[in-house]
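Working notes, structure below.
Everything quoted here is computed from the prediction, not taken from an experiment. In what follows, chains carry the letters A, B, and so on, assigned in the order in which the sequence lines appear, proteins first and then strands, with residues in each chain numbered from 1.
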Amino acid sequence: MSMYLHNTLTGRKEEFTPAEPGRVRMYVCGPTTYNYIHLGNARPLVVFDTLRRYLEYRGYDVLYVQNFTDIDDKVINRAREEGLPALQVAERYIEEFFRDAGALNVKRASLYPRVSQHIEDIIAAITALERRGFAYPAGGDVYFAVEKFPAYGRLSKRDPAEMRAGARVEVNTAKRNPLDFALWKAAGPGEPAWDSPWGPGRPGWHIECSTMALKYLGPGFDIHGGGADLIFPHHENEIAQAEAGAGGPFARFWLHNGFITVNQEKMSKSRGNFFLVRDICSRFQPLAVRLFLLATHYRSPIDFDDAGLQAAEKGLERLENTRRLLGEACCRLAAADPHPRDGGGTALTGRVEELRREFVAAMDDDCNTARALAALYDLAREINTYLATTSCPEPGAVQAATRILEQLGGDVLGLFGRQEQGLDSALLAGLMDLIITIRQEARQRQDWATADTIRDRLRELGLTLEDTPRGTRWKKG
RNA sequence: GGCGCGGUGGCGAAGAGGCUAACGCCGCGGUCUGCAAAACCGCUACUCGCCGGUUCAAAUCCGGCCCGCGCCUCCA
């Protein structure tokens with residue numbers, strides 16, 4: 001069974017196999033660190049994190065690199081506003097990035113290279129391009145000469161000749177061609193600068209990604225990902241730089257996620273219609289935000305609205321309930337006598353494996369998380385039904401179901417948080433046991449008023465009680 | 001203008017030639033329950049933007065049209 005991914009380069013789904021057996025090398029464009037990340041930034045993080053997790057589930061060793069653009073015009077402007085050094089501002093937003101990404105259960109990348117720490121590599125790359133005749137200096141700047149690279153436009157399917165005709169009038173007359181782009185920018189007064197053969201300055205935006213990707217992943221690496229708005233010019237330029245410099249293919253598969261929209265319009269910092277991840281996470285469960293992002297195929301647009309997030313919270317709760325039910329079943333097993341089994345376990349195990357296959361088939365088909373999720377919900381229902389109709393569940397079936405649910409929902413989709421541990425939760429558990437025991441006594445003497453008051457008051461505190469034939473259980477939320 | 005994406009039930013969203021159009025949310029009815037919650041069962045699109053065509057068969061292919069959006073400039 002092979003995996004297929006939609007490659008922007010060819011516009012088709014293609015069978016994916018890594019260049020190096022057993023090992024996948026991938027690069028995802030990271031944020032420019034001048035602000036907290038918004039939901040639009042979060043989508044590629046979650047989408048490509050999920051792809052990475054799935055590749056790992058499939059047994060690949062994944063080398064996952066994501067950059068930080070910690071030096072560019074926006075960071076410099078932000079630093080100016082705040083009256084702080086640019087790198088200090090960047091450092092702070094990098095820390096905040098990890099906080100937000102962590103809330104969304106995004107695994108750490110293998111490496112997070114930063115532009116400011118790769119100036120030497122970037123200068124070397126530009127020098128090489130210059131030597132090969134692909135770059136030219138102009139008054140302290142250095143530009144890439146697009147017409148020297150015949151394949152320009154292949155990724156974004158644009159014809160450079162037509163673009164030239166439609167291009168805006170360039171203010172910058174230093175460029176030979178309006179499509180040429182800066183590899184190196186001369187420093188303005190008071191701007192952070194590094195010495196270079198062309199004078200003090202800083203790297204252009206595109207050269208950092210291709211340089212760092214090549215440095216850590218090598219030419220011909222497997223997957224390069226990012227938002228669809230990066231196709232042109234960013235990724236087109238990366239290809240031009242990398243392939244002109246190295247003379248060989250840069251990345252094999254180009255993957256692009258669709259946008260988040262608000263009222264059908266693209267969410268972006270420049271439009272000002274963006275929602276910060278931290279703000280959304282204060283209103284909804286962070287893992288529900290992750291689920292919301294995975295409920296739609298990664299290439300389709302998602303329109304952001306509260307109803308969708310609310311539905312995601314409910315869906316997540318449904319999955320969580322199944323996990324809880326399974327956990328209780330495990331406890332029952334531990335305490336159970338070797339009563340005769342009342343069957344159904346083998347059937348469940350078979351169904352579980354069937355649904356696991358459906359999940360895998362969905363993910364193999366261009367990382368179709370929406371379809372994979374459907375299999376996961378089906379899995380939850382099968383498990384619930386089994387546990388509800390079986391007084392004495394079979395250990396093998398419960399274990400198999402637990403393992404698959406945790407692998408697919410937890411390891412691959414990243415929807416399950418870690419169990420809380422520590423003194424506070426132990427104390428809470430003890431207190432709840434006590435309260436439930438006392439309430440149980442009230443219930444036994446049919447003192448419903450007391451029993452209901454306890455339940456209502458706990459509800460107000462954010463704790464839900466559920467009375468079942470096997471006793472009372474509780475949960476947060 | 002060029003390139004690209006999308007229009008499927010109340011909402012979200014899969015499906016891309018042929019099983020009763022997945023799955024989630026909401027709503028309604030039921031089972032269970034002291035009540036509730038959770039869970040489970042059932043109901044909710046004779047129909048997939050519109051009009052033609054191909055085919056034994058189309059939401060899925062072809063043509064035309066309408067509508068919404070994005071990229072072409074920094075943007076995930």
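A cation-pi geometry, defined here as NZ or CZ lying under 6.0 Å from the six-membered ring centre and within 45° of its normal, holds between R323(A) and F416(A). A cation-pi geometry, defined here as NZ or CZ lying under 6.0 Å from the six-membered ring centre and within 45° of its normal, does not hold between R252(A) and F221(A).
For K475(A), counting side-chain heavy atoms from C-beta on, the closest listed nucleotide (A38(B), G24(B), C69(B)) is A38(B). When distances are taken from the side chain of R371(A) to each of C35(B), C74(B), A14(B), the shortest belongs to A14(B). Each of A38(B), G15(B), G24(B) was ranked by its minimum atom distance to the side chain of E466(A); first place goes to A38(B). The side chain of K314(A) lies closest to C26(B) when the candidates are G24(B), G15(B), C26(B). Closest to the side chain of A374(A), from the set A14(B), A39(B), A22(B), is A22(B). Considering only side-chain atoms of N384(A), the nucleotide from A38(B), A14(B), C40(B) that sits closest is C40(B). Checking G15(B), A76(B), G34(B) against every side-chain atom of D467(A), the shortest atom distance belongs to G34(B). Among A76(B), A14(B), G34(B), the nucleotide with an atom closest to any side-chain atom of D452(A) is G34(B). For R443(A), the side-chain atoms get nearest to G34(B) when compared with the rest of A76(B), G15(B), G34(B). The side chain of P301(A) approaches C5(B) more closely than any other nucleotide in the set C5(B), A13(B), C71(B).
One atom, NE2 of H256(A), and another, C1' of C3(B), lie 14 Å apart when rounded to the nearest Å. Rounded to whole angstrom, the span from the CG atom of N321(A) across to the P atom of C25(B) amounts to 11 Å. In this entry the distance linking CG of L325(A) with C1' of A39(B) reads 7 Å, nearest Å. As a whole-Å value, the separation of W448(A) CH2 from C35(B) P is 9 Å. The CZ-P distance, from R351(A) to C40(B), rounds to 14 Å in whole Å. Note: CZ (R455(A)) to P (U33(B)) measures 15 Å, nearest angstrom. Residue I302(A) contributes atom CD1, which lies 14 Å from atom C1' of G6(B) at whole-angstrom precision.
Using a 4.0 Å heavy-atom distance criterion, F259(A) is classed as a base contact. Residue P31(A) is classed as having no contact, given no heavy-atom separation below 4.0 Å to the nucleic acid. Residue contacts shown for R439(A) include a base, since a base heavy atom lies under 4.0 Å away. Using a 4.0 Å heavy-atom distance criterion, L376(A) is classed as making no nucleic acid contact. Using a 4.0 Å heavy-atom distance criterion, T322(A) is classed as making no nucleic acid contact.
With a 4.5 Å cut-off on side-chain heavy atoms, L408(A) and L413(A) do not count as touching.
Between N41(A) and C75(B) there is no side-chain N or O to OP1 or OP2 distance below 4.0 Å.
Judged by closest nucleotide on RNA chain B, S300(A) is the one of D378(A) and S300(A) placed further toward the 5' end. Nearest-nucleotide positions on RNA chain B for E382(A) and D305(A) put D305(A) closer to the 5' end.
Between W254(A) and F250(A), the ring planes lie tilted relative to each other; the angle falls in the 30° to 60° range. Using bins of under 30°, 30° to 60° and over 60° for the plane-to-plane angle, the ring pair Y36(A)/Y93(A) lands in the perpendicular bin. In this structure, H224(A) and Y27(A) have tilted ring planes: the angle between them lies in the 30° to 60° band.
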